Colleague: 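Take a look at the following structure, please.
Please read these numbers as outputs of a predicted model, since none were measured by experiment. Below, read A as the first sequence line, B as the second, and so on, with proteins coming before strands; counting in each chain starts at 1.
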Amino acid sequence: MRLSKSFIPTVKETPNDAIIPSHQLMIRAGMIRLLGAGIYSWLPLGYRVMKKVSNIVREEMDAIGGQEFHLPALNPIEIWEETGRVKAFGDSLFQIKNRPLVLAPTHEEIICWIAKNHIESYKDMPQIWYQIQTKFRNEPRPRSGVLRGRQFLMKDSYTLDTSWEALDTSYDLHAEAYKKIFTRCGLKFFIVGASSGAMGGTGSQEFMLESESGEDTLALAEDGSYAANLEIATSLMPEAARVGDGKAITEVHTPNVKTIDELAEFLKVDRSILAKSVVYWADENPVLVLMMGNDELNEAKLQAAVGATWVRPIEDEKLRELTGADGGSIGPVGLKGMKIIADKRLEGANGLVSGANKNDYHLMNIDLQRDCNIDGYFDLRTVQAGETAPNGKCKLRIVKGIELGHIFKLGTKYSDALKATFLGENGEAKPIIMGSYGIGIERIIACHIEQNHDGNGIIWDKAIAPYQIHLIAVSMKSQDVIQTTEHLYDEIQQQKLEVLFDDRQTSPGFKFKDADLLGMPLQVIVGEKNLANGNVEIKIRKSGERLLIPLGQAIGKIKELLA
RNA sequence: CGGGGCGUAGCGCAGCCCGGCUAGCGCGCUUGGUUCGGGACCAAGAGGUCGGGGGUUCGAAUCCCCCCGCCCCGACCA
């Protein structure tokens, strides 16, 4: 492609609306343009990258036996109602105004619909079905360029299996394919255990990229032995021990003591014998949660523990109505009308201090076994940086991450809802066991730039670079330079290499800056002085290294460097 | 949806507080000329419903009210 004839609108100045490097550079390099919040046009240069990434994904999906579909983005709303997901997605599901249709945010329903109609026997499975298509979600707050958009390109695949064991195999195939995909795209990623959320199922993992711009929080063991989304992360923390032979409960007056820190200070005791009580709504039901000391409650864990579809802190007024006291004086002893659960660290503990359900009073020497009806102990605390990793050998660090992909053992949620069954060997009808696996194509691109750029621009990996070579005619005045670059341009194309040829009538500095901004792996620079000595220059974008090569050997060297 | 910021030429911004000549600057763009190894120089140009609507005023980019859009933080994110 000749730059003089191309539409690659580069921008010198950093756009005002872009904060993170990938977003700024995608705009500056003429890859994308904003149309509305979370809606982007992909311009030719960006679309080349999108196609390359899609092809890598396609190759690896095909390699594990995947079959590519092209599915409708317009879906009858009835199907979504059958699985209860019109309600589950809520406002983030786009609905069409003049027809009972929705814009598909994902495709479990449609896959399941096809399976229901055509998968009849255990002999028809396993199947791996995938698509690379645009999804629509009415995100309340799109952000960070293409990292979170309202319309985005996603690869999803779905596996259909006859048993949970077979699902494990399909799942593992995906995990391996995903590693290859992200590696081929030149990303430094890692895999974390993730929450299954309200989707049910037996497990899920996320492929994450460490980044300050990430929306997820992750706990990572320093020795690499453990990585988990903070929603499910655990650490080794001492549990409360049983002490002495149970003193009787005593009430103490604790005026104006509201927080755990104030309480510890007031009573001159260690935080570890304090049991913090918080009350949450869990699907319309109040639940009291006991945490040790100042341990922070993890709402995702709470939601999973109580099996709720949503949880949120209770309102102050309602709290008073249900317990007779305000937050800070709430406790588990004698509390009626709600479930009480506690963090594992408090399992069976005694000698504890908690609120008396009477403002400005606390109870001491509480024995959870003797004095309370605890409905269950769960891991409910939020892991903090510096805590001991589960293997006991190192510390955990907490980082931000961007989710690139998610693999999910779905189970029978959708096949049950849509009655997608098959006949087993003994003639019995059973629900199809499903898995679902997503990759954000645009996130791969943005993340690649996040990880591979410098002050001058993008640094593409050759696997997904829009072009391999950026050929620069330094001076458009010299006939020698023009003829040589024109000749090189032809030769490179004959070698089936992709080349962007800067044949514009503009100053050398302008061309060099654009070349660094656009970030092709190799720059082939033809200038008058070097050419007079029979040489051309090859600059390696990543290292900045410059090689002087005799003109006749240029093609060979280029091929060698790109091999 | 809560909090904050912004909206003036294609891009980046000044002007607004304290209303007043023809609304400015840099980059980019057009034409001519000079340049040609790190975003060149000279000259001449084109380009604006000052986000939209309403109001106050002799007079509004500027003050008041309503609306829209974009960005950031939070909530949310099968």
Colleague: Would you sort out whether A/R85 and A/E108 count as a salt bridge (charged side-chain N to carboxylate O under 4.0 Å, His left out), showing the intermediate values?
Modeller: CA-CA 11 Å; A/R85 292 176 103 196; A/E108 280 84 4; 3.2 Å; yes
Colleague: Give none if B/G59 has no partner; otherwise give the nucleotide forming a Watson-Crick or G-U wobble pair with it, both distances under 3.5 Å.
Modeller: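 When the pairing criteria are applied, nothing turns out to pair with B/G59, so the answer is none.
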Colleague: Have a look at A/G90 and say if it touches a base, only the backbone sugar-phosphate, or nothing, with a 4.0 Å heavy-atom cut-off.
Modeller: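 Since no nucleic acid heavy atom lies under 4.0 Å of A/G90, the category is nothing.
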Colleague: On a whole-Å scale, what distance lies between the P atoms belonging to B/A40 and B/G28?
Modeller: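 Those two atoms are separated by 8 Å.
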Colleague: In terms of side-chain heavy atoms, does A/Y414 have a donor or acceptor partner in A/S436 at a distance below 3.5 Å?
Modeller: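 No pair is found: no donor N or O on one side chain lies under 3.5 Å from an acceptor on the other.
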Colleague: What's the CG-P distance between A/N138 and B/C1, to the nearest Å?
Modeller: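 Distance check: A/N138 CG to B/C1 P gives 10 Å.
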Colleague: How far does the P atom of B/G45 sit from the matching atom of B/G24, given to the nearest Å?
Modeller: 15 Å
Colleague: How does each nucleotide of nucleotides 29-45 of chain B score, in 5' to 3' order, for protein heavy atoms under 4.0 Å: base (B), sugar-phosphate only (S), or none (-)?
Modeller: -------BBBBS-----
Colleague: Please give the distance between the P atoms of B/G59 and B/G15 as a whole number of Å.
Modeller: 26 Å
Colleague: Would you give a per-nucleotide map of nucleotides 72-77 of chain B, 5' to 3', where B means the base has a protein non-hydrogen atom under 4.0 Å away, S means only the sugar-phosphate does, and - means neither?
Modeller: BBBBBB
Colleague: Name the nucleic acid region contacted by A/A37, choosing base, sugar-phosphate or nothing; use a 4.0 angstrom heavy-atom cut-off, strictly under.
Modeller: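 Answer is sugar-phosphate: A/A37 comes under 4.0 Å of backbone atoms only.
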Colleague: Do any side-chain nitrogens or oxygens of A/N16 fall under 4.0 Å of OP1 or OP2 in B/C13?
Modeller: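 Yes.
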Colleague: Going by purine N1 to pyrimidine N3 plus the second Watson-Crick contact, or the G-U wobble pair, all under 3.5 Å, which nucleotide sits opposite B/A40?
Modeller: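 Its partner is B/U34.
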Colleague: For residues 515-532 of chain A, run the donor-acceptor check on the side chains, cut-off 3.5 Å, and write out each pair with its distance to 0.1 Å, sequence neighbours left out.
Modeller:
| residue | atom | partner | partner atom | Å |
| --- | --- | --- | --- | --- |
| A/D516 | OD1 | A/Q523 | NE2 | 2.8 |
| A/D516 | OD1 | A/K539 | NZ | 2.9 |
| A/D516 | OD2 | A/K539 | NZ | 3.3 |

Colleague: Taking the P atom in each of B/G69 and B/G55, what is the distance between them to the nearest angstrom?
Modeller: 23 Å
Colleague: So, A/R381 side chain and A/N298 main chain: donor-acceptor pair closer than 3.5 Å or not?
Modeller: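 A pair under 3.5 Å: no.
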Colleague: With sequence neighbours left out, write down each residue that passes ring pair (Phe, Tyr, Trp, His ring centres under 6.0 Å) with A/W129, or none if nothing qualifies.
Modeller: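 So A/W129 forms a ring pair (Phe, Tyr, Trp, His ring centres under 6.0 Å) with A/F69.
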Colleague: Can you tell me, in whole Å, how much space there is between the C1' of B/G12 and that of B/U57?
Modeller: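 About 34 Å, rounded to a whole number of Å.
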Colleague: Check A/S277 against A/L288 and note the closest heavy-atom contact, atom names and distance.
Modeller: CB-CD1, 3.8 Å
Colleague: Enumerate the residue pairs fulfilling side chain to side chain donor-acceptor pair (under 3.5 Å) with a member in residues 6-18 of chain A, sequence neighbours excluded, ordered by first and then second residue.
Modeller: A/T10-A/D514
Colleague: Run the salt bridge (charged side-chain N to carboxylate O under 4.0 Å, His left out) test on A/R148 and A/E139 for me, step by step, so that the C-alpha distance in whole Å, both residues' side-chain angles and the decisive distance to 0.1 Å come before the verdict.
Modeller: CA-CA 8 Å; A/R148 177 167 292 277; A/E139 294 291 347; 2.9 Å; yes
Colleague: Report yes or no: is the cationic atom of A/K409 (NZ for Lys, CZ for Arg) under 6.0 Å from the centre of the six-membered ring of A/Y171, at an angle within 45° of the ring normal?
Modeller: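 Judged by the rule (NZ or CZ under 6.0 Å from the ring centre, within 45° of its axis), A/K409 counts as positioned above A/Y171.
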Colleague: Could you measure between the two P atoms, the one in B/C21 and the one in B/U62, and give it in whole Å?
Modeller: 14 Å
Colleague: Which residue is it: A/K135, A/H406, A/H107? I am looking for the one with a side-chain hydrogen bond (donor to acceptor under 3.5 Å, both in side chains) to A/D156.
Modeller: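 When A/K135, A/H406, A/H107 are each tested with A/D156, the side-chain hydrogen bond (donor to acceptor under 3.5 Å, both in side chains) holds only for A/K135.
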Colleague: List in numerical order all residues of residues 73-83 of chain A for which some heavy atom is under 4.0 Å away from an atom belonging to RNA chain B.
Modeller: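 Nucleic-acid contacts, sorted: none.
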Colleague: Paired with B/A14: which nucleotide, if any, by Watson-Crick or G-U wobble criteria at under 3.5 Å for both distances?
Modeller: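 Here B/A14 is not engaged in any pair, so there is no nucleotide opposite it.
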Colleague: Say you pick atom P in B/C11 and the same atom in B/G33; how far apart are they, in whole Å?
Modeller: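 Comparing P positions in B/C11 and B/G33 gives a spacing of 31 Å.
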Colleague: Out of A/L3, A/T485, A/V474, A/L471, which one pairs with A/D502 under the side chain to side chain contact (heavy atoms under 4.5 Å, CB included) rule?
Modeller: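 The option that passes is A/L3.
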Colleague: Nearest 0.5 Å, what's the CE-CD1 distance between A/M154 and A/I441?
Modeller: 9.5 Å
